Amino acid sequence: MNPLIEKALARPYNLEHDELAALLSLDDPTELFDAAYRLKCRYVGKSVSLRGLVELGNNCAKNCFYCGIRRENRNVSRYHLSEEDVIRMAHWSFLQNYGSVVLQSGELESEENTEYIERILKGIRSFGGDRFGITLCLGEQTEEVYRRWHDAGAHRYLLRIESSVPELYARLHPADHSYARRVECLKILKKLGYQTGSGVMIGLPEQTIDHLARDIAFFHEMDLDMIGMGPYIPHRDTPLGKEIECTPEYAARQLDLGLKMIAVTRLYLHDVNIAATTALQALDGRGRERGILAGANVMMPNVTDTEYRKQYQLYANKPCLDENSAKCRNCLNRRIVSIGETINWGQRGDSPHYRQNRKNR
Ligand code: 5AD
Ligand code: SF4
Ligand code: FES
């Protein structure tokens with residue numbers, strides 16, 4: 001076996017920067033993926049946790065250069081789900097025994113939005129009790145807002161740093177988007193007791209292997225519980241994506257790097273939850289299964305009503321646009337079974353890292 005893989009398997013956080021970079025640069029990643037998959041099985045078994053993904057709305061106050069629903073993209077018609085609709089979609093996920101939901105939307109900071117989310121959280125708690133997981137993915141907020149949402153029943157929060165390298169972050173965002181504030185938000189979320197997740201986009205223009213190795217080190221420095229990351233996929237209505245053509249070769253490279261990041265992250269951090277994100281499937285029909293086989297352990301079936309899905313396209317080629325939630329459930333189930341894994345039905349699927357830390361406290 002590659003001695004670096006052996007070293008990584010021995011215990012968490014056991015690789016130097018150059019060693020992380022060397023693993024990310026392997027020409028043949030077969031052994032890397034196999035080892036990461038075995039390590040995933042050591043922590044959570046041959047099982048995948050599900051989260052029903054509700055895309056609450058595509059209004060966003062931000063203007064990230066890579067994202068299809070950025071504020072200045074006039075080609076998107078904007079929508080906003082009613083509380084009743086969101087609660088219905090979450091309830092459907094509950095009845096399907098998914099075990100948890102993720103509520104995601106563009107970034108909005110207003111008292112109105114804060115209360116809307118509070119009411120949704122209380123609605124979900126009223127049928128889901130404590131055994132149904134709720135993850136929020138609603139961007140940067142004040143400590144006060146994070147606290148109110150935690151009090152209302154949210155217990156996990158995902159806020160991607162997008163790139164942990166400040167110079168690269170600055171090239172991907174307008175000047176008023178602050179890297180420092182994002183890091184501060186992650187610290188607040190942790191302090192408030194959320195299971196905290198972050199992640200990056202992989203294969204961004206001007207991003208190097210060195211940057212990606214730093215991203216993995218950042219996950220450790222921030223002591224994260226969950227990682228949600230995926231390949232960057234150009235969107236033609238964005239400043240960053242308009243010139244990039246997604247040829248089959250480009251897609252294959254993005255996928256390969258995305259899978260390597262999952263595997264090396266698993267080998268370095270060991271006990272975190274890692275999502276096999278939909279972006280992987282935008283590049284390859286079996287992308288998400290391949291993510292699991294490279295060390296991920298979470299999948300997020302879309303439970304948003306079909307009519308809204310086309311409006312929530314952060315990147316090109318998003319899958320499941322014409323399918324409904326029942327179809328996605330059957331499809332994902334089949335995919336998971338096809339790789340010899342089972343679904344953690346009815347389980348919150350908390351991060352083993354978080355559970356471990358709790359025990360130590
Ligand atoms: N390609 C891949 N991922 C993207 N995201 C936004 N735009 C793109 C893109 N073009 C990701 C960001 C964001 C998450 C919700 O979607 O990482 O945090
Ligand atoms: Fe808004 Fe998130 Fe898209 Fe940035 S990545 S424009 S914050 S939805
Ligand atoms: Fe939606 Fe396959 S998961 S169609």
Side-chain angles (χ1 to χ4, degrees), residues 50 52-53 55-73 76 78 102-109 135-141 157-164 169 172-174 176-178 181-182 185 197-205 207 215 227-242 244 246 251 254-255 257-258 275-283 285-289 299-304 306 309 311-336 338:
L50 299 185
L53 173 64
E55 295 159 340
L56 307 183
N58 61 1
N59 293 293
C60 187
K62 290 200 141 178
N63 222 357
C64 308
F65 294 146
Y66 44 83
C67 176
I69 65 168
R70 63 199 299 274
R71 188 180 68 225
E72 279 177 19
N73 184 7
V76 182
R78 305 286 168 170
V102 178
L103 308 180
Q104 187 179 66
S105 76
E107 222 167 285
L108 296 172
E109 286 189 74
T135 307
L136 298 182
C137 189
L138 305 172
E140 294 164 30
Q141 304 285 340
Y157 206 105
L158 184 69
L159 180 70
R160 291 189 180 183
I161 191 69
E162 313 296 1
S163 168
S164 71
Y169 186 94
L172 299 169
H173 301 95
D176 61 346
H177 293 32
S178 159
R181 183 178 187 217
R182 236 168 151 76
C185 283
S198 191
V200 296
M201 282 178 290
I202 304 154
L204 290 157
Q207 190 183 41
D215 289 336
I227 307 296
M229 59 185 170
Y232 164 68
I233 303 173
H235 187 300
R236 68 183 137 70
D237 293 335
T238 62
L240 196 69
K242 63 175 190 282
I244 307 175
C246 192
Q254 295 298 88
L255 178 74
L257 200 52
T277 53
T278 313
L280 292 168
Q281 202 188 322
L283 296 171
R286 293 189 61 249
R288 282 186 285 184
E289 297 92 292
M299 281 203 213
M300 308 199 300
N302 198 325
V303 300
T304 315
T306 311
R309 296 187 181 190
Q311 265 101 268
Y312 202 89
Q313 289 195 71
L314 311 184
Y315 47 81
N317 254 335
K318 181 187 174 192
C320 311
L321 289 182
D322 298 315
E323 281 74 16
N324 65 25
S325 303
K327 244 193 164 155
C328 288
R329 176 199 56 209
N330 297 340
C331 169
L332 260 200
N333 191 13
R334 224 175 321 109
R335 290 172 183 279
I336 290 170
S338 80

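In listed order, ligands and their atoms are each counted from 1. Treat the numbers as computed from the prediction; the structure is a model and nothing was measured.
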- Decide salt bridge (charged side-chain N to carboxylate O under 4.0 Å, His left out) for Arg182 and Glu140; before the verdict, give the C-alpha distance in whole Å, the side-chain angles of both, and the deciding distance to 0.1 Å. CA-CA 7 Å; Arg182 236 168 151 76; Glu140 294 164 30; 2.7 Å; yes
Which segment of [X] sits under 4.0 Å of ligand 1 when only heavy atoms are counted:
X	value
Glu162	side chain
Met201	side chain
Cys137	neither

Considering heavy atoms of the protein only, find what lies nearest to [atom] and give residue, atom and distance to 0.1 Å.
atom	value
atom 2 (C) of ligand 1	Pro231 O, 3.3 Å
atom 16 (O) of ligand 1	Leu314 CD1, 3.2 Å
atom 1 (N) of ligand 1	Ile233 N, 2.9 Å
atom 11 (C) of ligand 1	Arg160 NH1, 3.5 Å

- Where do Tyr66 and His235 come nearest, in terms of heavy atoms and distance? O-CB, 4.3 Å
- Item | If only protein N, O or S atoms under 2.8 Å count, total around atom 4 (Fe) of ligand 2 | 1
Closer than 4.0 Å to some heavy atom of [X] - which atoms of ligand 1 meet that?
X	answer
Tyr232	1 (N), 2 (C), 9 (C), 10 (N)
Gln104	15 (C)
Cys67	7 (N)

- Close approach of Arg329 to ligand 3, heavy atoms, under 4.0 angstrom: no
- With distance as the sole test, does Arg70 use its side chain to make a donor-acceptor pair with the main-chain N or O of Asn63 at under 3.5 Å? yes
- Hey, does the side chain of Tyr157 reach the backbone of Gly139 with a donor-acceptor pair shorter than 3.5 angstrom? yes
Less than 4.5 Å apart, side chain to side chain, heavy atoms only: is that true for [X] and [Y]?
X	Y	answer
Gln207	Met201	no
Leu172	Leu204	yes
Gln313	Leu321	yes
Tyr312	Asn302	no
Cys60	Arg71	no

- Item | From CA spacing to verdict: side-chain contact (heavy atoms from CB on, under 4.5 Å), Thr278, Tyr315 | CA-CA 10 Å; Thr278 313; Tyr315 47 81; 3.6 Å; yes
- Does ligand 1 have any atom that is closer than 4.0 Å to a heavy atom of Met229? no
- Under 3.5 Å, N or O to N or O, is Tyr66 touching ligand 1 that way? yes
- Query: Any N/O of His235 closer than 3.5 Å to an N/O of ligand 1?
  - Reply: no
- For atom 2 (Fe) of ligand 3, protein N, O or S atoms at a distance below 2.8 Å amount to 1
- side chain to side chain contact (heavy atoms under 4.5 Å, CB included), paired with Glu162, selected from Met229, His173, His177: His173
- Message: Testing Glu289, Arg288, Met299 one by one against Ile336 for a side chain to side chain contact (heavy atoms under 4.5 Å, CB included), which residue passes?
- Response: Met299
- Message: Under a 3.5 Å threshold, yes or no: a donor from one side chain and an acceptor from the other, between Arg78 and Asn58?
- Response: no
- Query: Do you see a donor-acceptor pair shorter than 3.5 Å between the side chains of Thr306 and Asn324?
  - Reply: no
- Item | Interfacing atoms of ligand 3 (cut-off 4.0 Å, heavy-atom, Arg288) | 3 (S)
- Kindly write out the residues that satisfy side chain to side chain donor-acceptor pair (under 3.5 Å) with Thr135, not counting sequence neighbours, or none if the list is empty. Arg156
- Task: Could I get the full list of salt bridge (charged side-chain N to carboxylate O under 4.0 Å, His left out) partners for Glu109, not counting sequence neighbours?
- Result: Arg181
- Could you tell me the separation between the CG atom of Leu280 and the CD1 atom of Ile202, rounded to the nearest 0.5 Å? 7.5 Å
- Query: Counting only heavy atoms on the protein side, is anything nearer than 4.0 Å to atom 7 (S) of ligand 2?
  - Reply: yes
